[in-house]
Structure formats: structure tokens, C-alpha cells
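Taking it in order: structure first as C-alpha cells, then the write-up.
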Amino acid sequence: MKYISTRGYDRKYSASEAIIEGLAPDGGLFVPESIPSLSTEEIAQMKNMQFFEISAKVLAKFLDDFTEEELMSYTRQAYSEEKWGENPVPLVQMNQYNDREYILELWHGPTCAFKDVALQLLPHLMTASAAKTGLDKKICILTATSGDTGKAALEGFKDLPGTEIIVFYPTGGVSEAQKMQMVTTEGSNTHVVAVNGCFDDAQTGVKKAFANKELEAKLASNGIMLSSANSINWGRLAPQIAYYVYSYVELLRTEKIEMGEEINIVVPTGNFGNILAAWFAKQMGIPVHRLICASNRNKVLCDFFSTGTYDRNREFYKTTSPSMDILISSNLERLLYEVTGDVKVVTEWMTDLNTKGKYTVDPKTLKTLQRNFVGGFADETGVAKTILDVYDRTDNVIDTHTAVGFNIYNRYHLRSGDECKTVFASTASPFKFAPSVMDALRGTGYSSGRSIETVIKELSDESGLEIPASIAELGSKEIRHKDVIEKEEVEDKVVSILLG
Ligand SMILES: *Cc1c(COP(=O)(O)O)cnc(C)c1O
């Protein structure tokens, strides 16, 4: 199966080429030429499989220049018990008296957020893709991060032969816990550098490094190529399709649904990657009734699904669900291509987004989107209330991002009377956002004045959940990355790290 650009670039790519390149030369995103399907028999057979096996089966349909055996060997390593516990992505019934709601816990990996699912596997896909495309260079992953992505990428690429990884984070823009997670990273090929400034300063520096042809040539002559672990890479999206297939199979296996029965999927959304993976699962043949796209106060997607106009010209809010604080949801471009099949209109809309900050889709496209997606948004009070409500109702403590999903679903359920079984993507461990979660449980302002260690301990006592090892050990780990640079020094830093 070949991959094409959403903007119609005149060349087709193999899966491994698409993974290595990341972005098409015309600025479009790679999409598969057609979407493979899963037959009823194939879905039924998966009832006897573990997650890593289902993952390899699903990936084999999209990445057909890899054999199923190759993929199985990568997924087995990526989703090992050592890294994830016995079940990497447990599907948990919310409440024994209610067989409608199920929570898909995607945060049992090394950094306690769902991005681990893709970023534990991507390094394997990337090095294998390099070998398949005959690339004889060392791959250096370059990333600017505002939080979760940087640490998940560091853990994924740590000590992987043939790779280096450099993460730039802003001094003023990551939480103390996120910073501690990054600067204590082990591994002989990991580099973490603070950039004086905000996220945009770090991001701009990294973008400049990618665009610098002189730097590219200099690194190439030393056998090094720069690459990105950003969520627009198909190699990050494809692994996420597998857990939606898995959740359907689990509901079948535990006899909560019958084959063919439709389910809803609720996803707290930022860059539109995670929910797009659910949409691909639906297109493959997983019976899905509604995809519920949950936004926080930065509700650009919610407005888009109700009006057909995507408009980023608006105030930006910092919320208690920071990983969803986004005004440009890059992966939406893929959905627009899939729904219209028209590279010309997609290119026009994306040009409008660049130049005017907004675009409007035609009524027919909007109708198709509305048949598949329900949008909604939650404000900060709503998120806090939902955390408390879910805890009172079901004894589950959820994080602030996951709470956005529950908030919107609760209103949807009341309004629509839709009784389909529903899977909630739970995207982060509540311990990762412990102060906001404890404020929701104990009252606004509760965590201020209390140390983060105290708040985490209290959250553990309240919820009965064990503190994840990677969070418990943070305070006692050695700080290994201390470099701080100015924003103009990003490219020089890349050179000095890679070429000495
Ligand atoms: C990245 C992230 C999201 C948003 O996912 P997208 O794929 O960008 O829509 C939601 N929750 C958490 C905890 C995240 O880290």
C-alpha cells in the first residue's frame, strides 16, 4: 500500500518512506491510498490475542512493506510487561451496576500518558524503515516540547542503536513535574536542553534547524539525518488505531456486546491525532456509532463540528488540561482529505488557514462530519465537577484531560438518549496532574501551599491507586541534563551535540 500527500504531491511513498520523511514535500500529511478493512472473522479471531498481537495485525494492514513477524517483534518489545505491567491498555468497566461505560486506560507506559503507546513503537518502526529504504545514516530526533511529547519521545528512543534524540524545552512553559521527568532521563543517546523563553521560542529554533540546508548538508556528510517524532508522522498515528480495535475485541470477549453492535468512542482532543485513529478504526470495519470529540476552553474543534468553520483567530487559554491547549489541530487535515477525497479543496482550506487563520467547509462535507462526530467543550468548573462526579459515581479518579471527555459525554447522553456502550479514552494518569485533580476532589485552591509530594501521596491515599514508579522516583533521581541556552543558539547546540 502506498502513501500520498493530502495536498496532491506528485509521487507515492512506501510506508517506510512516509515514516522516515514525516511530512510530504508540499507540506501535506501522508495518508494511505486506501483504507484496509478488517473482516468479521478477523475481528472474532482477535478474541484470543494479546494487545501486542492485535497491534501487529492492524499495523500489518497499513505498513505492508513490513512482515507481520517483523511487526510482531517490534510490538512485543514496545509493549513489554516490564514497561507496561501485565496489560498495556486495560479496558475497565466503570461501575459494576452500569454496563454502558468503559474506560480505556492508555497511561500505563513509562511516562504515564497515552503518547507512550505510539512513541514506544515509533523508534522500532523508524530504524527498520531506515534499513528498508537503504538509509545508511544515524537518525537524530529533534523535538521541541511543551510537556508530554518530549519525555515520551526520550523514553522511546533512549539507548536505541543508530539514533540520537535532542529535546528542547522552554524554561517558562513546562510544569515542574514535566521538567523533572525530562532532566533526569537516562541513556547514552539522550540530550535535553532548556531554552530561555516560552514554547514558541523553542519551537521556532527547532523549525529553523529543520529548514537549514547548510546544517542538513553538514550533518549528512557526517552520516546524520534529522527527523521528527511529532504527531503528524504516520508512524505515530497508526499504532493508535490498534487500541480502538482492541477495545472492541475486549467488549466482545467479555460478552458485553455482540458482534456488529455499535459502540461510541469518547476522546479528549488537542491535535486531533488520537480521535482520528478512532475514525480509522471505524473505517476499517469496527462498528462505531458516534465519535465524541471533546475540547477544553480552546474549543476550536467543537465550533468547527457545529458550524463548518475552523477559526483559530481567538483568545488562547491556559487550562488544567494543558496537553489540549491547541488552536491548530494538524491532523484534521487528514480527515478532510478522507471525507472529500479532493486534494484541491484541502489545499485551499489549508492555505486559508495559513493566510487568514480560518476556512469553511462545504455543506455536504459538514454533513458527513456531523454523521460521524459529535463535538463539545468543557470549561474549568465543568472539568473539576466532572472529576468529583465520576469519583462519587464510580470510585474512579480520572485526570483533567479524561474528565473533559466525560463532561461532554454526560451531556450528550442526557440529550440524545443514546444507550450504545461507550469507550472513554483515558489519556493520562491522574498522578501526572495531581494538583488539579486534588483541587477538584477537595475544593478549589486545596493544593496551593502543599508540596507536590504531599499532594501526590494524598491522591494515592484518596484513590487507593499506587503512585506510578516513574512519578514516585522523580525527587530522588539524579539531574543529568543541565544545559540552558538562548533561543538563537538552538542550531549551534545541535551541531555541538552531534559533531562535538
Ligand atoms: C497529547 C494529549 C492529548 C491530545 O491528544 P491529540 O492526539 O493531540 O488530540 C490529550 N490528553 C493528553 C494527556 C495528552 O498528552
Side-chain angles (χ1 to χ4, degrees), residues 1 15 19 32 35-93 102-109 114-125 128 156 234-263 265 267 273-288 291 421 423-427:
M1 175 186 305
I19 289 170
I35 300 176
S37 59
L38 281 169
S39 67
T40 306
E41 293 72 46
E42 285 174 307
I43 296 172
Q45 279 165 6
M46 288 177 175
K47 287 197 276 187
N48 303 316
M49 294 179 196
Q50 297 182 49
F51 174 66
F52 79 92
E53 297 167 301
I54 292 176
S55 176
K57 287 264 179 219
V58 171
L59 285 166
K61 300 219 171 226
F62 284 100
L63 312 179
D64 63 1
D65 45 348
F66 295 84
T67 66
E68 205 172 296
E69 289 67 40
E70 285 175 312
L71 292 166
M72 198 78 84
S73 115
Y74 311 149
T75 56
R76 189 193 295 273
Q77 294 169 66
Y79 305 129
S80 68
E81 184 165 346
E82 185 198 344
K83 285 181 175 155
W84 293 79
E86 203 179 330
N87 183 351
V89 287
L91 185 72
V92 179
Q93 186 170 336
Y102 299 84
I103 190 156
L104 179 62
E105 295 182 351
L106 299 171
W107 40 262
H108 291 272
F114 86 93
K115 291 183 176 73
D116 284 328
V117 180
L119 280 165
Q120 283 295 311
L121 187 62
L122 181 67
H124 296 282
L125 295 176
W234 180 255
R236 261 194 70 182
L237 205 108
Q240 298 178 355
I241 301 170
Y243 51 68
Y244 293 113
V245 174
Y246 169 84
S247 64
Y248 193 81
V249 171
E250 271 299 287
L251 289 172
L252 279 176
R253 200 179 60 74
T254 52
E255 299 183 345
K256 301 296 181 187
I257 55 170
E258 284 168 26
M259 181 63 87
E261 188 175 332
E262 288 186 335
I263 62 167
I265 299 177
V267 187
N274 203 6
I275 193 163
L276 186 66
W279 185 86
F280 271 105
K282 177 176 184 178
Q283 297 314 110
M284 292 183 83
I286 297 299
V288 175
L291 293 161
K421 306 278 192 294
V423 169
F424 296 84
S426 175
T427 53

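More than 12 heavy-atom neighbours from other residues, nucleotides or ligands sit within 6.0 angstrom of NZ on K282.
The closest side-chain donor-acceptor pair between K256 and Q93 falls under 3.5 angstrom.
You'll find the side chain of L71 reaches within 4.5 Å of the side chain of L125, heavy atoms only. Counting heavy atoms from C-beta on, the side chains of M284 and V58 come closer than 4.5 Å. Side-chain atoms of L291 and V267, non-hydrogen and from C-beta on, never get closer than 4.5 Å to each other. The closest side-chain heavy-atom distance from L237 to F280 is below 4.5 Å. When side chains are defined from C-beta on, P88 does not count as touching Y243, because their heavy atoms never get closer than 4.5 Å. For the pair Y248 and L38, the minimum side-chain heavy-atom distance is 4.5 Å or more.
Checking side-chain atoms of W84 against main-chain N and O of V117 turns up no donor-acceptor pair under 3.5 Å. Without hydrogens or angle criteria, Q45 side chain to E42 main chain gives no donor-acceptor distance under 3.5 Å. For K61 (side chain) and S37 (main-chain N/O), a donor-acceptor pair under 3.5 Å exists by modelled atom type.
Here the closest heavy-atom approach between residue Q120 and residue A78 is recorded as O-CB, 3.6 Å. When all heavy atoms are compared, the tightest approach of A15 to D65 is CB-OD1, 3.2 Å. Across S55 and A242, no two heavy atoms sit closer than the pair CA-CB, 3.6 Å. Closest of all the heavy-atom pairs between M46 and V245 is SD-CG1, 3.7 Å. Scanning all heavy atoms of the two residues, the minimum distance from L91 to E250 falls at CD2-CB, 3.8 Å. Across G156 and P123, no two heavy atoms sit closer than the pair O-CG, 3.2 Å.
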**Check against side-chain contact (heavy atoms from CB on, under 4.5 Å), I241 and L59** = CA-CA 8 Å; I241 301 170; L59 285 166; over 6 Å; no
**Request:** Determine, stepwise, if the pair R236 / L119 fulfils side-chain contact (heavy atoms from CB on, under 4.5 Å).
**Result:** CA-CA 7 Å; R236 261 194 70 182; L119 280 165; 4.0 Å; yes
**Message:** Determine whether T75 and L121 satisfy the following criterion, side-chain contact (heavy atoms from CB on, under 4.5 Å), listing intermediate values before the conclusion.
**Reply:** CA-CA 7 Å; T75 56; L121 187 62; 4.0 Å; yes
**Request:** Could you give me the CA-CA distance, side-chain angles and deciding distance for V423 and L251, then say whether side-chain contact (heavy atoms from CB on, under 4.5 Å) is met?
**Result:** CA-CA 10 Å; V423 169; L251 289 172; 3.9 Å; yes
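Atom OG of S426 is separated from atom CG of L104 by 8.0 Å, given to the nearest 0.5 angstrom. Taking CG of N87 as the start and NE2 of H108 as the end, the distance is 8.0 Å to the nearest 0.5 Å. In this structure, CD in Q77 is found 11.5 Å from CD in E82, a value given to the nearest 0.5 Å. Between atom CE of residue M72 and atom CD of residue E53 there is a gap of 5.5 Å, rounded to the nearest 0.5 Å. Separation of atoms CD1 (I257) and NZ (K421) is listed at 8.0 Å; rounding is to 0.5 Å.
For F51 and Y246, the gap between ring centers is short of 6.0 Å.
Relative ring orientation between Y74 and H124 is described as parallel, the plane-to-plane angle staying below 30° on a 0-90° scale split at 30° and 60°.
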